[in-house]
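Chain letters run A, B, ... following the sequence lines, proteins first and then strands; every chain starts at 1. FYI, side chains are in, hydrogens and waters are out, and symmetry mates aren't considered; it's all heavy atoms of this structure.
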Amino acid sequence: MMYINVRKTLHGSEGGINLECEFELKHKEFLAISGPSGSGKTTLLRIIAGLEKAEGIIKVDNEIWLENKKFLSPQKRSIGFVFQDYALFPNMNVLENLLFVNKDQKLAKRLLEMTDIFQLKNRYPNMLSGGQKQRVAICRALMRKPKILLLDEPFSALDPDMREKLQDDIALLHKEFGLTTIMISHSPSEIYKLSDKMIQLNKGKIEKIDTPSQVLLKTDTSEKFSLEGMIIDIIRADILNVAIVSIGNRIVEIVISRNENKNLKIGDKIIISTKAFHPNIRKKEQK
Amino acid sequence: MMYINVRKTLHGSEGGINLECEFELKHKEFLAISGPSGSGKTTLLRIIAGLEKAEGIIKVDNEIWLENKKFLSPQKRSIGFVFQDYALFPNMNVLENLLFVNKDQKLAKRLLEMTDIFQLKNRYPNMLSGGQKQRVAICRALMRKPKILLLDEPFSALDPDMREKLQDDIALLHKEFGLTTIMISHSPSEIYKLSDKMIQLNKGKIEKIDTPSQVLLKTDTSEKFSLEGMIIDIIRADILNVAIVSIGNRIVEIVISRNENKNLKIGDKIIISTKAFHPNIRKKEQK
Amino acid sequence: MDELNFTPFLLSFKLAFTVTIILLVIGIPFAWYLSRTKSKIKPVIEALTALPIVLPPSVLGFYLLVILSTSSPIGKFFWEYFNMKLVFSFEGLVVASCIYSFPFMIQPLQNGFENIDKNIIEASYLSGKGPIMTLFKVILPNMKDSLLTAIIITFAHTVGEFGVVLMVGGSIPGKTEVASVAIYDFVEMMDYEKAHIYSAIMLVISFLVLFAVYFINHKNKRKFNDVY
Amino acid sequence: MDELNFTPFLLSFKLAFTVTIILLVIGIPFAWYLSRTKSKIKPVIEALTALPIVLPPSVLGFYLLVILSTSSPIGKFFWEYFNMKLVFSFEGLVVASCIYSFPFMIQPLQNGFENIDKNIIEASYLSGKGPIMTLFKVILPNMKDSLLTAIIITFAHTVGEFGVVLMVGGSIPGKTEVASVAIYDFVEMMDYEKAHIYSAIMLVISFLVLFAVYFINHKNKRKFNDVY
Amino acid sequence: TSTNVSYALDELIKEFKKDNPNINIKTTLASSGKLTAQIMHGAPYDIFMSANMKYPDLLYKRGIAITKPKVYAKGAISFFSVKYENPDFDTLEKVRQIAIANPKFAPYGKAAIEAFKNRGIYDRIKNKLIYSETVTGVIPYTIHSADVGIVAKSSLFSPNIKKIGKFYSKDVNPKYYTPIKQGVVLLKHNEDAKKFYDFLFTKKAKKIFKKYGYIE
Ligand SMILES: Nc1ncnc2c1ncn2[C@@H]1O[C@H](COP(=O)(O)OP(=O)(O)OP(=O)(O)O)[C@@H](O)[C@H]1O
Ligand SMILES: Nc1ncnc2c1ncn2[C@@H]1O[C@H](COP(=O)(O)OP(=O)(O)OP(=O)(O)O)[C@@H](O)[C@H]1O
Ligand SMILES: [Mg+2]
Ligand SMILES: [Mg+2]
């Protein structure tokens, strides 16, 4: 059980904004935080980790991390943190970065293999690509076998395949290590896939806090299938027109009628839905 | 016109890999590069910018940037570069970072307003959030009014709204400034939306080079609507089962039949398609 | 104390100021070169650079005296072509102090250069700026601490130096009798009262100079380095 | 040269070595404090720290003699409670040199501490490591250049120091007659041949020591700092 | 000028100026060895008053000095102490530390050693010796740490010595050492310098030297 109720004044882009957050988290829950740039997500994580002072209360399993004058140092908080900018130790190679936290060779090996960078174990950070650094940072955070894992946009520098793979790994590790996890993410599908609860932050305040499906699934109940998308192109083909629609970061072609065509132009946000729809679903063959 | 044909040995995760790329770019074209982490994308951009030595030829509008012993210094290459890690000047505030490149106050103001950070103009970089830094980096790169703009995952730290907004801005600037742009991106929809041409890089080699639609639209011609997705949840509701499917980073509920239900489980990649499908498309009301 | 004489102090600070400026001009490119070079002989140059500190000042002073005197080729050259005497003259003190304080300038600067984030240098190049602009607008402002250390150590050290100065300069009042030499003379003459007063003045002035520098630096740094 | 005497060299290097070690131990926490403190009096402390360089060494030596002698409270204290004489003894040289060389150790260290990336310190705390572990495993290894500068300047400076040493030590052969004093004596005796030989030995040894340090550092750095 | 002469020098100059008011004299104090090195390399001095004969001799032999070295005064040494009344040879055997000028190059130090040897106590006290760079340095050494020092007698006549408070001194019997012949040479053909040089050998000057503890 984790109870958080903190306040802090930030210097937002339009003068001072107040970060004011109160929420609870159950043991082994997975919380996602999303919100626009500068809304205080990173700061909130840093406060939880004890890297930043704030007013208020943080309680974890009856252990008080913050309250009035009480302040538990970051070392004593059982936390794994993946920084937005990785913060690897430049003087240690990949393996040493992991072993610095904890001498468990086996765990290190397992984490590195999981993230496909075991071959890089003797490399120093400045010889890694962005995505490689990010993976090392994730591994290092887990080396402490923390109770609580804090992830600040942990997959932002990764290609979709690696991203998906690591999402699965995080999900697995979350379960296996019995972690309580808080992750900052901008991707709804990632949030839905991984988290049990999500917070939408805006200008320092919690706008919504609920399960991801409540926040993210905006289905109009009268319709069985509905998707948001945006027209990024319209191709005139023979008698038909084809709209290229981006849904999330996937792309799909949709045939549109003349009538529709008149109203729609590139850049329009649209909702694709149907009442009498029963899509054909089949498994994709693995290459 | 830009002709690139470069070679360089990298230390990949499985020993040395050879970066070997040859391609041409027309004036005002927009090229996207994608590929797995560590495949050499950043290195390729750095070679083009002159930050890294390599063998081969780089020619831009009959100006030779690289050939045998010839090497044009980065200063002399008309380039704007947005770094994966921003590389803002810590000793200058936001505005000074821009004006350092070029004293054009008006342009600076316009760029900062466009990216919603004009109010932050007197802040120093260490007081900015990740996304804010990224925006400053983009503005700074454009201050030089470069012929060629190089972007290394320019939107990775941004929330979807800001991301979309900046994509539009980049598209606009690309046209308005008559830029030739090369962007590293992991998002197919972003690539489709912005670029005229794309390269898929793998282990230092060009795997595919074509228009984004050729590379990204994998529609089976016999079907009119087809989307790739992944099942992230299956909810048993009354007699029906509902699958939660992530498409790109959007999420959708799809009713599935008992039969389908048997074959499908969480984590399966699926293709959603229909032959007799005519979706209802309507504009989303703006809030 | 009817006869407090401020000339030695003026001379001292004039000397320290001149030497610091000259060494900055020489030291910045030299340290920059050292920090960038991949040359095999880099450790040799580095070790040589530190050598002037290893010799006792008056011994170094003795060798400098031999090298710079008008009977030596170097001294002769300067004497004949520039009409400049390099011993027993203020110019001589400047040259000698520059040599003696050289390592104190180089070491912190090189250190600073080596710590600069490579990325911001590249960012500056890509902003179309050449090495000079980059040096003055990006590199040096981002290594203010090292620059300050270099300047302060060099300055203070030149003010306090006296072994070399006494040997090469003699102690010609108004010309080469700097404060450190003057104080030394009082001690030698057992005029401890004067020695105390002069030392105190020296310490107070130096303290004020140093304090001012640190204070300004402190204020300045707040601006872009501090959090919340 | 029947009577080349190596004792002064041994003494010199023993002194420099001891002083460097002691100052490292004192200097690291002190410089760390200085680099972190937000106290208003920080510039005052910084300015005070630099003061020992500003006084001419033999004058500083004179004051140290006064302060450390057995007739002063400090000297008395050490004499009565530790049976340690702080003047005309090797221990005295160590104490005096520590005071004199203090700024040379502090300045580069403070500088290094101020340049360390805050993020990696936080990362270390979040790895569950306390300040001590963080200091030794993360901070110091990532400021090797500054550490090296501090050590080399301090070491070289102590080797070359002679004003203070001469005053406080009383050039007792085998006890306080370090190499710098010995060389100085030869110059004073105008025994230039010996002075040359001793200077040369001094320079060669120092060069070798410095070269070795730089060379090892060079090799080491390659490992994690160099590109391709 | 070698430092030990400096105390008498002020009065010498004052006396000299009575007759030659237009001549300005600037003095540079340092150890004789240092000054000799400087002079050999072109120091702009006119007269060199050394603390011994060796250095002036050397300068003359090298053709730098233009006059033969001439003794202008003979220095004497004294026991000096702030702890022991009536310091003498016997005191030396009782005490822990004895400060003298460095005998390697300082003539007053040499004289002290000579006295110890002639008195036959050198071997017994040689481990107690601490060495000062110049003979004047013996005084602060003795005040602050050493028990007894052997100083130049002339320094006991310095106007500044009174400021240090109570001290005890006693001449070392001249039969135990050779008085220190202090030589002077003229370095340049300079009318004014020559006048001062000549003045050093006048009765008036002799009187002053005597007043400052030098032996005739
Ligand atoms: N050191 C600082 N000093 C002052 N203000 C700061 C500092 N760091 C961040 N801020 C401000 O606090 C606000 C919140 O920053 P924070 O880093 O928490 O945002 P974020 O939600 O993580 O944004 P992003 O998605 O862009 O990373 C921003 O407006 C930022 O400008
Ligand atoms: N300084 C370096 N020295 C040696 N090898 C390096 C260096 N920098 C990168 N590499 C290696 O070169 C390869 C390509 O790196 P690059 O940064 O170009 O990858 P990338 O495609 O940009 O990956 P990402 O998407 O993770 O940023 C990687 O395997 C990396 O380990
Ligand atoms: Mg953030
Ligand atoms: Mg990259």
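In this structure, no portion of C:I45 lies under 4.5 Å from any heavy atom of chain D. Heavy atoms of C:L203 lying under 4.5 Å from chain D belong to its backbone as well as its side chain. Looking at D:L48, both its backbone and its side chain come within 4.5 Å of chain C, counting heavy atoms on both sides.
The aromatic rings of C:Y100 and C:H157 are tilted relative to each other, their planes meeting at an angle between 30° and 60°. Taking the six-membered ring for Trp and thresholds of 30 and 60 degrees, C:W32 and C:F113 have ring planes more than 60 degrees apart, a perpendicular arrangement.
C:S97 and C:L15 make their closest contact through OG-CD2, 3.9 Å (heavy atoms, listed as atom of the first residue, atom of the second, distance).
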Criterion ring-ring contact (aromatic ring centres under 6.0 Å, His included) on D:F215 and D:F211, from CA distance to verdict:
CA-CA 6 Å; D:F215 188 74; D:F211 176 78; 5.6 Å; yes
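Proximity of a side-chain donor or acceptor of C:T37 to a complementary backbone N or O of C:Y33 within less than 3.5 Å is not detected. Remark: side-chain polar atoms of D:K175 are not paired, donor with acceptor, to backbone N or O of D:F90 under 3.5 angstrom.
Heavy-atom pairs under 4.5 Å with chain C peak, among D:L210, D:V54, D:V159, at D:V54. Counting heavy-atom pairs closer than 4.5 Å to chain D, the top-ranked of the candidates C:H196, C:M202, C:E161, C:M143 is C:H196. Interface check for chain D: of the options C:F155, C:F62, C:F186, C:Y184, the most heavy-atom pairs under 4.5 Å are formed by C:F62. Ranked by heavy-atom pairs under 4.5 Å with chain D, the list C:N115, C:V44, C:I183 is led by C:V44.
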